[in-house]
Amino acid sequence: MKFGILVTEGPYQHQASDTAYQFTKAALEKGHEIFRVFFYNDGVNNGTRLMVPPQDDRNLQKNWTELAEEHQLDLVVCVAAAQRRGVLDASEAKRAGKDADNIAPGFRISGLGQLVEAGIIADRLMVFGD
Amino acid sequence: MKFGILVTEGPYQHQASDTAYQFTKAALEKGHEIFRVFFYNDGVNNGTRLMVPPQDDRNLQKNWTELAEEHQLDLVVCVAAAQRRGVLDASEAKRAGKDADNIAPGFRISGLGQLVEAGIIADRLMVFGD
Amino acid sequence: MSTLHTVSNSPFENNAFKSCLDHVTAGDTILLIEDSVVGARKAGSFGKEIGKALANCRVCALAPDLSARGIAADTVLDGIELVDYGGFVDLAAEHERTQAWL
Amino acid sequence: MSTLHTVSNSPFENNAFKSCLDHVTAGDTILLIEDSVVGARKAGSFGKEIGKALANCRVCALAPDLSARGIAADTVLDGIELVDYGGFVDLAAEHERTQAWL
Amino acid sequence: MSDIEAPDAEGGVVKKFMFVNRKSPHGTVYAVESLEVVLISAAFDQDVSLAFLDDGVFQIVKQQDTSGLGIKNFSPAYRALGDFEITKLYVEQEALDERGLTADDLMEIMYEDEDDDYEEKPSVRVVGRGELSKLMSEQDVLLSF
Amino acid sequence: MSDIEAPDAEGGVVKKFMFVNRKSPHGTVYAVESLEVVLISAAFDQDVSLAFLDDGVFQIVKQQDTSGLGIKNFSPAYRALGDFEITKLYVEQEALDERGLTADDLMEIMYEDEDDDYEEKPSVRVVGRGELSKLMSEQDVLLSF
């Protein structure tokens with residue numbers, strides 16, 4: 001079965017990203033396909049490579065990046081929500097005249113159409129938020 | 001009267017940062033002193049210079065930076081909360097081996113002791129959160 | 001020794017307002033800000049709770065938050081005072097401490 | 001045509017669980033995750049509400065979320081089924097749609 | 001957002017999408033960022049509807065004025081939904097009642113019915129809880145923010 | 001965090017600080033990040049107390065095991081509060097009752113009373129709502145997360 005995953009909260013403040021990660025991992029272990037993980041609202045903050053959590057706690061960005069590498073997941077960060085909150089890739093940074101970017105490996109920035117598409121193509125769309 | 005301000009939510013997702021900003025501005029207009037604005041929990045995300053909101057909406061980072069410039073406000077971002085969420089200044093970025101930083105002008109990164117100190121020194125500590 | 005209590009979440013969604021009412025001391029003031037102002041409507045089901053609070057407390061609401069949610073001043077429960085951000089600052093200064101119910 | 005409903009907020013703090021119960025259709029399943037699991041305790045005041053839901057729905061709770069909050073399996077209301085993340089995936093696959101009550 | 005220009009990539013699949021709005025506007029971003037998805041979804045030719053229940057009914061009350069907050073007022077955009085052929089806005093009667101609101105407190109949101117000589121018709125439909133629950137149970141995709 | 005090394009900068013002022021905990025742990029970060037402030041406040045020689053009410057009482061229940069979530073379990077840190085001379089943890093009776101909890105469900109959190117020959121005493125004090133309200137009304141600074 002094809003799952004789409006929507007994450008609407010940032011790392012640490014709410015458990016939503018943790019739950020979405022555990023669900024995604026369990027779905028892959030059961031042989032399901034993850035069509036896309038879409039990060040919206042504060043969820044975009046999961047995709048910054050500047051995260052430096054304490055060494056004895058989980059690193060949510062690394063968790064997602066590694067899971068994506070292992071299973072060729074499509075991790076998409078909403079461009080409008082990300083700009084509002086300060087998550088940029090190199091080309092967005094350049095366009096906005098910013099001197100740095102912070103997107104993490106394995107994440108790509110795209111439009112909200114990618115979320116609607118996930119709703120259309122996936123058999124089930126799972127929403128993780130607050 | 002001396003006010004201390006604590007902001008515990010990030011920009012846009014919750015109104016807390018907007019309300020704290022309006023309160024701070026009104027307090028200054030009434031001749032009060034703002035001892036410090038402390039950003040904790042997701043509040044640290046107010047201090048990223050990479051924010052690019054739509055042109056017809058407010059830019060919360062710019063609002064805070066400009067108010068700080070005008071009134072010599074002390075805007076402090078909690079180091080532990082900021083590291084966890086990916087808000088770094090140049091020296092933190094270097095220490096963590098990161099290739100970029102994102103702290104905005106007018107904000108400085110420091111420890112939680114700065115919040116306790118604000119509680120001790122300010123006549124009133126105002127908490128804005130969710 | 002009075003306290004200014006701030007409530008920001010809607011009483012229809014969240015128990016913060018109720019918990020605030022349960023812990024308020026006579027002579028305190030409750031200020032409704034952000035989404036909590038939706039509880040201030042005269043015709044709403046939360047009016048009775050606020051009515052009880054008004055017996056021993058002052059209850060205020062932030063006018064710009066009411067306007068943002070389309071709540072006209074004349075539809076607000078009698079006894080609730082409207083303040084702007086300057087009035088919020090005055091309330092904070094007049095009371096000895098502020099307690100935020102988050 | 002059944003639905004898997006997920007609830008993540010505590011029923012003591014937030015009305016999402018109540019709103020879910022108000023909109024559930026017979027044959028649906030409610031899965032309690034994250035902070036909502038604190039409502040699953042047998043001895044808690046929310047038990048009666050869940051009891052009513054159990055009359056026409058299946059109610060499950062995510063076991064790792066219960067453990068994290070110190071809630072032992074034998075203190076959970078009778079009739080609530082415990083699942084792990086794999087069980088959550090199975091529930092999502094078995095039902096035709098999922099509705100998150102945020 | 002190049003994907004908007006190629007909404008046919010899904011090969012003519014039409015699913016029932018419902019956007020479930022349960023939160024007050026302005027205090028959180030969910031209302032406006034939900035509306036942004038609704039507007040994008042219009043380009044994909046899906047069967048889109050919106051549900052307003054609990055505090056979500058405040059998202060479409062009349063005369064919202066956010067100028068005092070310094071926050072952009074996005075509420076006029078609901079009135080433009082008809083232009084995007086999004087014409088089904090279900091509002092729960094019980095949610096209105098609990099908040100002391102009536103249908104008259106809601107914005108006039110209209111659409112032109114192209115199957116009925118472009119007559120102007122109201123997009124807002126006040127429904128009972130039972131009917132809304134039934135509508136929810138008939139969707140393919142439920143998006144909650 | 002150089003400020004911790006110079007807590008005397010405030011010239012011997014001692015204020016009453018109360019940390020008000022109303023939320024369940026692990027579902028949000030507030031419980032653990034509140035505890036981090038509590039621990040730092042110990043270095044400033046203030047009169048610090050903690051209140052647990054509403055779902056906050058779940059922060060100090062026994063046998064929390066977060067291993068299934070992949071989240072660090074911070075709850076053992078409450079037991080170390082005594083070492084930081086933070087010895088007043090007020091728990092509201094009504095909050096326990098509503099959740100079907102009793103004092104026996106809470107962690108044993110102890111401190112050594114240096115004024116009483118270092119006798120071990122419980123830090124947790126279950127109080128009624130009226131008493132907790134009174135304690136709140138006597139604070140200089142109330143920190144809620």
Side-chain angles (χ1 to χ4, degrees), chain D residues 1-37 39 46 48-62 65 88-102, chain E residues 13-25 27-38 41 46-59 90-99 126-145:
Chain D
M1 291 293 286
S2 68
T3 303
L4 174 66
H5 301 265
T6 59
V7 178
S8 49
N9 281 293
S10 162
F12 298 109
E13 178 181 299
N14 185 285
N15 80 331
F17 198 166
K18 192 187 165 300
S19 195
C20 171
L21 291 177
D22 284 345
H23 294 88
V24 79
T25 300
D28 286 354
T29 299
I30 302 172
L31 173 63
L32 307 179
I33 65 171
E34 303 180 358
D35 282 346
S36 77
V37 299
F46 207 72
K48 213 196 295 180
E49 297 292 321
I50 299 184
K52 271 189 276 175
L54 281 166
N56 65 346
C57 285
R58 208 171 143 196
V59 181
C60 303
L62 203 51
D65 277 315
F88 185 177
V89 172
D90 292 342
L91 285 172
E94 288 160 16
H95 293 75
E96 277 154 290
R97 71 193 66 74
T98 302
Q99 179 163 11
W101 292 85
L102 304 181
Chain E
V13 175
V14 177
K15 281 193 174 184
K16 289 167 84 78
F17 275 71
M18 178 177 269
F19 291 84
V20 179
N21 300 292
R22 295 184 51 249
K23 292 174 186 170
S24 176
T28 53
V29 84
Y30 305 109
V32 58
E33 291 195 334
S34 172
L35 185 58
E36 288 179 5
V37 188
V38 171
S41 73
Q46 301 295 302
D47 180 358
V48 174
S49 62
L50 281 66
F52 297 89
L53 61 156
D54 292 322
D55 280 340
V57 297
F58 283 105
Q59 295 180 20
Y90 299 103
V91 178
E92 189 179 279
Q93 181 72 59
E94 286 85 345
L96 292 175
D97 292 346
E98 197 189 355
R99 287 155 189 83
V126 178
V127 296
R129 183 166 285 165
E131 189 176 345
L132 186 62
S133 302
K134 186 167 176 296
L135 286 165
M136 287 171 168
S137 74
E138 294 164 355
Q139 301 301 314
D140 294 305
V141 180
L142 290 144
L143 278 159
S144 315
F145 293 97

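Every chain is numbered from 1 and lettered A, B, ... according to where its sequence line falls, protein lines coming before strand lines.
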(request) Let me know if E/Glu92 has heavy atoms under 4.5 Å from chain D in its side chain, its backbone, both or neither. (result) side chain

(request) Give, as side chain, backbone, both or neither, the part of E/Val20 having an atom under 4.5 angstrom from any heavy atom of chain D. (result) side chain

(message) Less than 4.5 Å to any heavy atom of chain D: does that hold for the side chain of E/Asp55, its backbone, both, or neither?
(response) neither

(message) Need one label for E/Leu143: side chain, backbone, both or neither, based on atoms under 4.5 Å from any heavy atom in chain D.
(response) neither

(request) Give, for atom CD1 of D/Ile30 and atom CD1 of D/Ile50, the distance between the pair rounded to the nearest 0.5 Å. (result) 8.0 Å

(message) Can you list everything that forms a ring-ring contact (aromatic ring centres under 6.0 Å, His included) with E/Tyr90? Sequence neighbours excluded, please.
(response) none

(message) Is E/Tyr30 close to chain D through its backbone or its side chain, or both, or neither, when contacts mean heavy atoms under 4.5 Å?
(response) neither

(request) Sequence neighbours left out, what passes side chain to side chain donor-acceptor pair (under 3.5 Å) with D/Asp65? Give chain and number order. (result) A/Gln15, D/Arg69

(message) I'd like to know if E/Glu131 pairs up with E/Lys134 as an ion pair, taking the criterion as any Lys NZ or Arg NE/NH1/NH2 lying under 4.0 Å from an Asp or Glu carboxylate oxygen.
(response) no

(request) Go through the atoms of E/Lys23 and report whether side chain, backbone, both or neither lie under 4.5 Å from a heavy atom of chain D. (result) side chain

(request) Please check if the side chain of E/Gln59 supplies one atom and the backbone of E/Pro25 the other of a donor-acceptor pair under 3.5 Å. (result) no

